Amino acid sequence: HIEILDYSENATYVIQKEKQKYILRVNRPNYHSKEEIEAEINWLLTLHEESTIEVPLPIKADNHTFVNTVEVNNITYHSSLFTFIDGKAPDEYKKEDLVAQFETIGKISATFHKYMIENYDKYRNYKRMTWDYETILGENPKWGKWQDGLGFTPERIALFTRASKTIKRKLEQFGKDKTRYGLIHSD
């Protein structure tokens, strides 16, 4: 049984074979390179070995690789298969549960960040997509220019331009040293 779980940067599917579930991720063409996906998989494997956080584990295909590439109509797709971890999204209607759920998410995120800071030299040469001012709001952003969005009036452009300049200034002040910027999402 195959069911789509999410469609955004990737198409992500839940695959159930008998009682076993898996996650299949098919990456958007020309979005992540194979090298970037392999870096993420290596990071997951290392987290599994060196931390207490439960992470989805990649599964090798019959060709003994974690990242498989296929070409369809001259378009290249990379895909990876992972173990499935049971869980559920926070229920926004149960506010009393949200605090505890977000505390758990915060602890996990803090553990990831602490691990990355402590192991910065080990991972700094991994090739990962960068999420910073230039790739989000700069001249050649990864998802396109906000200025090309629908519904922009001169007043809205002026407001967003001021906001963009403020964000750029604050991010420059914040900096990119290893305690603030790393592999997790390169942001």
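This is a predicted model, so every value here is computed, not measured.
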Closest non-hydrogen atom pair, P90 against L98: CB-CD2, 3.5 Å
Pair W43 + F112: ring centers closer than 6.0 Å: yes
Minimum heavy-atom distance N68-T65, with the two atoms named: OD1-OG1, 3.3 Å
Residue N73 excluded, over 12 heavy atoms near CG under 6.0 Å: no
Transitive ILVMFWY side-chain link V26 to I41, under 4.5 Å: no
S79/V70 under side-chain contact (heavy atoms from CB on, under 4.5 Å): CA gap, chis, key distance, verdict: CA-CA 8 Å; S79 65; V70 296; 6.0 Å; no
Neighbour count above 12 (heavy atom, 6.0 Å) for D121 CG: yes
Beyond-backbone contact of P141 with T135, side-chain heavy atoms, under 4.5 angstrom: no
Closest contact, heavy atoms only, E139 versus K145: O-CE, 2.9 Å
Note, K142 side chain near Y31 side chain (heavy atom, < 4.5 Å): yes
Single-linkage hydrophobic cluster I59~L47, side-chain heavy atoms < 4.5 angstrom: no
For residues 155-171, tabulate all N or O donor-acceptor pairs below 3.5 Å that involve a side-chain atom, not counting sequence neighbours.
from : atom 1 : to   : atom 2 : distance (Å)
E155 : OE1    : T153 : OG1    : 3.3
R156 : NH1    : G151 : O      : 2.6
T161 : OG1    : I157 : O      : 2.7
S164 : OG     : Y133 : OH     : 2.6
T166 : OG1    : R162 : O      : 3.0

Linked, directly or transitively: L57 and I108 (ILVMFWY side chains, under 4.5 Å): yes
Spacing of Y126 atom OH and E36 atom CD [to the nearest 0.5 Å]: 13.5 Å
Atom pair CD1/CD of I136 and E134 - distance to nearest 0.5 Å: 10.5 Å
Shortest non-hydrogen separation from S80 to F66 and the atoms involved: OG-O, 3.5 Å
Contact summary for Q101 and D91, nearest pair of heavy atoms: OE1-N, 3.8 Å
Shared hydrophobic cluster, V72 / L24 (ILVMFWY, side-chain heavy atoms < 4.5 Å): yes
Cluster overlap I23 with L45, hydrophobic side-chain contacts below 4.5 Å: yes
Check ion pair E50-K122 (N to O, under 4.0 angstrom): yes
NE2 on H48 to CD1 on I53, rounded to 0.5 Å: 12.5 Å
T130 vs D132, side-chain hydrogen bond (donor to acceptor under 3.5 Å, both in side chains): CA-CA, chis, key distance, verdict: CA-CA 6 Å; T130 299; D132 60 8; 5.6 Å; no
Which atom of I4 lies closest to which atom of Y7, heavy atoms considered: CD1-CB, 4.1 Å
Straight-line distance of N30 CG to Y77 OH, nearest 0.5 Å: 9.5 Å
CD-CG distance between E49 and L44, expressed to the nearest 0.5 angstrom: 11.0 Å
K127 side-chain N/O to E38 backbone N/O, donor-acceptor pair under 3.5 Å: no
Under 3.5 Å, sequence neighbours excluded: what are the donor-acceptor pairs made by side chains of residues 10-21?
from : atom 1 : to  : atom 2 : distance (Å)
N10  : OD1    : N27 : ND2    : 2.9
Q16  : NE2    : E18 : O      : 3.2

